[in-house]
There are 2 protein chains.
Amino acid sequence: MSDREESDLPNPVLVWERPEPERRPAPVPLSRDRIVNAAIELADAEGLSAVSLRKVAGLLGSGPMRLYGYIDTKEELLDLMVDAVYAEMIAEGPLDGGWQDALRTMAHRTRGVVHRHAWLTVLLSGRPHQGPNAMIHREASLAALSGQPGFADIAVALQALKTVNAYVVGALQDEASERHAIQASGMTDEEWQLATYPYLQRMLATGRFPNIARIVEEVDHPSHAEEFERGLQIILDGIAARMNR
Amino acid sequence: MSDREESDLPNPVLVWERPEPERRPAPVPLSRDRIVNAAIELADAEGLSAVSLRKVAGLLGSGPMRLYGYIDTKEELLDLMVDAVYAEMIAEGPLDGGWQDALRTMAHRTRGVVHRHAWLTVLLSGRPHQGPNAMIHREASLAALSGQPGFADIAVALQALKTVNAYVVGALQDEASERHAIQASGMTDEEWQLATYPYLQRMLATGRFPNIARIVEEVDHPSHAEEFERGLQIILDGIAARMNR
DNA sequence: GATCTTGAAAATACAGCGTATCTGTATAAT
DNA sequence: ATTATACAGATACGCTGTATTTTCAAGATC
């Protein structure tokens, strides 16, 4: 910062005294893969807001503008990040078992990657999943259903898939929103509980929220995992009911 | 812009020649409500990315820093925007009818506000809903269920509510992601269809996506509304199945 | 081998962002 | 009438995505 002050002047010293610029080192080799991996690394470590073209490029040892040889806009980088995660899910292997097992496995795999990459919840909204890995994933999901009894009609399989996916995405966002609020505040879980408790108590004390109050008092909350599983089972029951009609 | 050029010089003319600045006009009255409404107006008209403190303040005729008297960070403004939408939903009146009707009404109301305020899908991820209006909404939803047969246990009502909500949020994101991609490209629906069609065809031509191909060929896609409704019915069936056990 | 050409990387520049800090003034308190 | 306070506005900083300009390494040509 302050050691650049001298060079702010157009010509700080005589030419002879200034060092030549060191020869440009061979530029580090780049690829979409390397770029996307660097971006994911950043997002995992410091959140999606830490992903800037400057930082990604910096991590790779290049200038930010070089990335524009591989992507047209930052949006496209985010698209590539999402597709890379689909690749992760594919790599977890085939979906076997009955249709319920297949759908359950899919759901839990999605939950897994979202936990590994918390930034996904933000990107899943407002972004179509038409990348090659997303398509492979979708094909595999459909394939796991379309052979099964009751799913002869591919439309039924698609319907089931979309419904489960919608639930999974929504449920994960619910989980994430809580986690996010806590983390963003920079507090530990207990500190946050303690900080928001008075507000909740004051609201409940008004008597205008008897049902919420009952929940706070009576219900002992299951873990996120269990809650996720219960909701999922409801969906599967619904699909099963639909089939016997 | 360019009419300020002269005043870029430190002292354009002698003091005597310059007119006095007009007395400061009384600052326009501000409130969280006015601020939030301005922000929502902007978001509705030009998307969430158009919501900057500078623009919101500009719309209200004040400097950006004045907003910090009402909010601590921009994040808080977004929180207030979300809670304002919950107020909209509350204003639509009570939820009556059986539990299925109540849940269906809730779902469709949510779908309605998301259509009116497309930016909501982005904000729903990563933000807890603990504002006063969110709580009123939640209380009303629980109340609509907790009296019904089969929902004597409030935990069951909560479970049902959360599952439906998860589905609704996920399904709406699915809808939104498509719409968003099209709009972001600045094309009309048909142009976009035409622009992405070759890619899809090339992928399908590889033969690696037989199930997706079947869908493209065989299935005639229902409207978003119908698809939403079908998925919703699956959830409701699942909840019903759970109750008779 | 010296010169010229060319493609690509880096540097710079710009407009916009959230927000910290500084400055001036309209009003409240004395 | 004077001083104190609070608050609106101006300014500033470091960051962003990206357009434009500059610089240089390597290949082509003579």
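Here is the naming used below: chain letters follow the sequence lines, and residue numbers restart at 1 for every chain.
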Whole-Å distance separating the CZ atom of B/Arg66 from the C1' atom of C/dG18
19 Å
Side chain of A/Arg54 - closest among D/dG9, C/dA10, D/dT16:
D/dT16
Is it the case that atom CZ in B/Arg32 sees more than 12 heavy atoms from other parts of the structure closer than 6.0 Å?
no
Closest nucleotide among D/dT18, C/dG18, C/dA9 to the B/Leu53 side chain:
C/dG18
Salt bridge B/Arg127-B/Glu75, side-chain N to carboxylate O under 4.0 Å
yes
What is the distance, rounded to the nearest whole Å, between atom CG of A/Leu67 and atom P of C/dA9?
11 Å
How long is the line joining CG of A/Leu60 and P of C/dA9, in whole Å?
13 Å
Candidate nucleotides D/dT11, D/dG17, C/dT12, ranked by approach to the side chain of A/Met65 - the nearest:
C/dT12
Rounded distance (Å) that lies between atom C1' of C/dC17 and atom CG of B/Leu77
14 Å
Can a salt bridge be assigned to the pair A/Arg111 and A/Glu175 using a cut-off of 4.0 Å between side-chain N and carboxylate O?
yes
Kindly indicate, with the supporting measurements, whether the criterion side-chain contact (heavy atoms from CB on, under 4.5 Å) is fulfilled by A/Leu77 and A/Leu67.
CA-CA 9 Å; A/Leu77 173 57; A/Leu67 304 187; 5.6 Å; no
By nearest nucleotide on DNA chain C, pick out whichever of A/Tyr70 and B/Lys74 is the more 5' one.
A/Tyr70
Look at B/Lys55 and C/dC17 and indicate whether a side-chain polar atom (N or O) is within less than 4.0 Å of OP1 or OP2.
yes
Length of the line joining A/Tyr68:OH and D/dA19:P, which is rounded to integer Å:
7 Å
Assign B/Val28 to base, sugar-phosphate, or nothing according to its heavy-atom contacts below 4.0 angstrom with the strands shown.
nothing
